Enquirer: 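Here's a structure for you.
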Amino acid sequence: MITINNVSKTLGNKKILNNINIDIEKGSIFGVIGENGVGKTTLIKCMLGIYKQDEGEITVDGQSIFENPEVKQKIGYVAAETQYYSSFKVKELEKFYSLTYDRFSYERFKELNKIFKIPENKRGRELSKGMKMRVSLMLNLSIYPEILILDEPTSGLDPIIKRKLMNILVEEVSQREMTIFMASHNLDDLERICDSVAIMEKGEIKYINKIDDMKEHIKKLQVLFKDENKAEEIKNWCEIIAVEKIGRINYLITNNYSEELQEKLLNLEATFIEEIDLSLEDMFIYSIEGGKEDEKAI
């Protein structure tokens, strides 16, 4: 659906994006995590055709996005900081979107507004940050996009509205096979709905993987050996990326959990083996700090 191939971008004298490669399948939710200033918004602007990348290409179903109105009709975009005309009323923004996007639906907007509850006679300058975000989400969902690009979409939203938004996004993907690209610095939001997640640092993708694969292979194990000296042997195993010992208990981090690994532990006379749940944040930390920075597994 979306292919980002060897994309680099320099702004001024600073290289913001460096050789970005991402493939996003139709009907999936792809998340990018990274601190402010790492290049997430610049990547999004290249994906929208606002910026033209210096190197590489970005395509939707094989078509270039840059200067392609037909492709852009399929894309909704919710910015981290919404900048609508301050004098426009919400209902005037609806009219603006209806003139811009062929598939804009007033009925859909009003249906969503039963959830988000924004007075349509309010002007942009009268809206709080969270209210502006709600309006932007409603407008862009009302164009029935094939692709929805979100930049920090939960910023300014209260927990109840955030939960409702996540349910709406999952429903759109399930029912219409909408494709979502979501940039955030909040791992909890990404973990909740994303199929695949990447971590971005200093304009580069440092790690990328499917969440299900991460949960299947990246594990923390609590292990007790009959002979404490046996624990020393595991430190040289390629599957083990970190070892911590507290008393007689060994805590092992593996990025390649398998039945074979469990069998190896049993052969060392492990008397107790238990999996400990890891958050997505823990998985990222262990994947990167465990010396797997260049790993890709989509």
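In this text the structure is predicted, and so the values were computed from the model without any measurement. Just so it is clear, the values below take in all heavy atoms, side chains as well, and ignore hydrogens, waters and symmetry mates.
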Enquirer: Side-chain contact test, heavy atoms from C-beta onward, threshold under 4.5 Å: evaluate it for Ile65 versus Val60 and give yes or no.
Expert: yes
Enquirer: Restricting to non-hydrogen atoms, name the atom on Ala183 and the atom on Ile44 that form the minimum distance, rounded to 0.1 Å.
Expert: CB-CD1, 3.9 Å
Enquirer: Go through the structure and list residues passing ring pair (Phe, Tyr, Trp, His ring centres under 6.0 Å) with Phe88, not counting sequence neighbours.
Expert: Tyr85
Enquirer: Report yes or no: does Thr271 contribute a side-chain atom to a donor-acceptor pair with the main-chain N or O of Leu224 at less than 3.5 Å?
Expert: yes
Enquirer: Determine whether Ser87 and Arg125 make a side-chain contact, defined as any pair of heavy atoms from C-beta on separated by less than 4.5 Å.
Expert: yes
Enquirer: Return each pair, listed once, that meets salt bridge (charged side-chain N to carboxylate O under 4.0 Å, His left out) where at least one residue sits in residues 251-268; pairs must be two or more places apart or across chains.
Expert: Glu239-Lys264
Enquirer: Quick one, Met214 with Glu191, criterion side-chain contact (heavy atoms from CB on, under 4.5 Å). Give me CA distance, side-chain angles, the key distance, then yes/no.
Expert: CA-CA 11 Å; Met214 294 175 72; Glu191 184 174 13; over 6 Å; no
Enquirer: Which heavy atom of Val7 sits nearest to which heavy atom of Ile58, and what is that distance?
Expert: CG2-CG1, 3.6 Å
Enquirer: If you link I, L, V, M, F, W and Y whenever their side-chain heavy atoms are under 4.5 Å apart, who else ends up in the same group as Ile240?
Expert: Leu221, Val223, Phe225, Ile234, Trp237, Val243, Leu252, Tyr257, Leu261, Leu265, Leu266, Leu268, Ile273
Enquirer: Do Met178 and Pro145 have side chains that approach each other closer than 4.5 Å (heavy atoms only, starting at C-beta)?
Expert: yes
Enquirer: Step through the shown structure and confirm whether more than 12 heavy atoms of other residues, nucleotides or ligands are within 6.0 Å of NZ on Lys95.
Expert: no
Enquirer: Could you state the interatomic distance from OG (Ser174) to CG (Leu169), rounded to the nearest 0.5 Å?
Expert: 12.5 Å
Enquirer: Go through the steps for Met138 and Glu94 under the test side-chain contact (heavy atoms from CB on, under 4.5 Å), then give the verdict.
Expert: CA-CA 10 Å; Met138 288 190 290; Glu94 295 175 54; over 6 Å; no
Enquirer: How would you list all residue pairs meeting salt bridge (charged side-chain N to carboxylate O under 4.0 Å, His left out) that involve residues 99-109, not counting sequence neighbours?
Expert: Arg103-Glu146, Arg108-Glu111, Arg108-Glu172
Enquirer: Between side-chain atoms of residues 47-56 and protein atoms elsewhere (two or more places apart, or another chain), which donor-acceptor pairs fall under 3.5 Å?
Expert:
from	atom 1	to	atom 2	distance (Å)
Gln53	NE2	Gly56	O	3.4
Asp54	OD2	Thr10	N	2.6

Enquirer: Do Ile4 and Leu43 come close enough that some side-chain heavy atom pair is under 4.5 Å?
Expert: yes
Enquirer: Partners of Phe66 by ring pair (Phe, Tyr, Trp, His ring centres under 6.0 Å), sequence neighbours excluded?
Expert: none
Enquirer: Listed by chain and number, what are the ring pair (Phe, Tyr, Trp, His ring centres under 6.0 Å) partners of Tyr106, not counting sequence neighbours?
Expert: Phe104
Enquirer: What is the distance from atom CD of Glu201 to atom CG of Asn18, rounded to the nearest 0.5 Å?
Expert: 13.0 Å
Enquirer: Would you say the side-chain atoms of Gln73 pair up with the backbone N or O of Thr100, donor to acceptor, closer than 3.5 Å?
Expert: yes
Enquirer: Going by side-chain contact (heavy atoms from CB on, under 4.5 Å), name the residues that satisfy it together with Thr3, two or more places apart in sequence or in a different chain.
Expert: Asn5, Asp23, Thr59
Enquirer: If you group Ile, Leu, Val, Met, Phe, Trp and Tyr whenever their side-chain heavy atoms sit less than 4.5 Å apart, what else falls in with Tyr144?
Expert: none
Enquirer: Per the salt bridge (charged side-chain N to carboxylate O under 4.0 Å, His left out) rule, what does the pair list look like for residues 269-283, sequence neighbours excluded?
Expert: Lys219-Glu275
Enquirer: Find out if a path of hydrophobic residues (ILVMFWY) with successive side-chain heavy-atom gaps under 4.5 Å connects Phe272 to Tyr251.
Expert: yes
Enquirer: Quick one: does Lys132's side chain get under 4.5 Å of Glu81's, heavy atoms only?
Expert: no
Enquirer: May I ask you to check whether over 12 heavy atoms, not counting those of Ile160, lie within 6.0 Å of atom CD1?
Expert: no
Enquirer: NZ of Lys202: more than 12 outside heavy atoms within 6.0 angstrom?
Expert: no
Enquirer: Which heavy atom of Leu157 sits nearest a heavy atom of Gly130, and at what distance?
Expert: CD2-O, 3.8 Å
Enquirer: What's the spacing between Asn267 CG and Glu233 CD if we round to 0.5 Å?
Expert: 10.5 Å
Enquirer: So Lys162 and Asn186, side-chain contact (heavy atoms from CB on, under 4.5 Å) or not? Walk me through it.
Expert: CA-CA 12 Å; Lys162 183 191 295 189; Asn186 190 323; 4.2 Å; yes
Enquirer: Show me the side-chain donor-acceptor pairs of residues 147-156 shorter than 3.5 Å, one per line, residues at least two apart or across chains.
Expert:
from	atom 1	to	atom 2	distance (Å)
Asp151	OD2	Thr41	OG1	2.8
Glu152	OE1	His185	N	3.4
Glu152	OE1	His185	ND1	3.3
Glu152	OE2	His185	N	3.2
Glu152	OE2	His185	ND1	3.0
Thr154	OG1	Asp189	OD2	2.7
Ser155	OG	Lys129	NZ	2.9

Enquirer: Any chance you could lay out the side-chain contact (heavy atoms from CB on, under 4.5 Å) test for Ile168 and Ile115, step after step, and finish with the verdict?
Expert: CA-CA 10 Å; Ile168 290 169; Ile115 299 170; 3.9 Å; yes
Enquirer: If we only count heavy atoms from C-beta on, is the Leu17 to Cys46 side-chain gap below 4.5 Å?
Expert: yes
Enquirer: Can you list every side chain to side chain donor-acceptor pair (under 3.5 Å) pair that touches residues 28-37, not counting sequence neighbours?
Expert: none
Enquirer: Would you give the length of the straight line joining atom NZ of Lys230 to atom CG of Asn250, rounded to the nearest 0.5 angstrom?
Expert: 13.5 Å
Enquirer: Do Asn121 and Lys91 have side chains that approach each other closer than 4.5 Å (heavy atoms only, starting at C-beta)?
Expert: yes
Enquirer: When rounded to the nearest 0.5 angstrom, what distance separates CG in Leu139 from CZ in Phe109?
Expert: 5.0 Å
Enquirer: Short question: side chain of Ser8, backbone of Asn19 - any donor-acceptor pair under 3.5 Å?
Expert: yes
Enquirer: Between Arg134 and Asp158, does any side-chain N to carboxylate O distance fall below 4.0 Å?
Expert: yes
Enquirer: With distance as the sole test, does Lys9 use its side chain to make a donor-acceptor pair with the main-chain N or O of Thr42 at under 3.5 Å?
Expert: no
Enquirer: Does a donor on one side chain sit under 3.5 Å from an acceptor on the other, for Ser142 and Tyr101?
Expert: no
Enquirer: What pair of heavy atoms forms the shortest contact from Lys210 to Ser196, and how long is it?
Expert: CG-OG, 3.3 Å
Enquirer: Restricting to non-hydrogen atoms, name the atom on Met1 and the atom on Thr179 that form the minimum distance, rounded to 0.1 Å.
Expert: CG-OG1, 3.8 Å
Enquirer: Mind listing the closest non-hydrogen atom pair of Asn21 and Asn6 along with its distance?
Expert: OD1-N, 2.8 Å
Enquirer: Counting only heavy atoms not in Lys74, do more than 12 sit closer than 6.0 Å to its NZ atom?
Expert: yes
Enquirer: With rounding to the nearest 0.5 Å, note down the distance linking CD1 in Ile118 to OG in Ser136.
Expert: 11.5 Å
Enquirer: With distance as the sole test, does Asn140 use its side chain to make a donor-acceptor pair with the main-chain N or O of Tyr77 at under 3.5 Å?
Expert: yes
Enquirer: Quick one: do Ile276 and Ile211 end up in the same hydrophobic cluster if we chain Ile, Leu, Val, Met, Phe, Trp and Tyr together by side-chain heavy atoms under 4.5 Å apart?
Expert: no
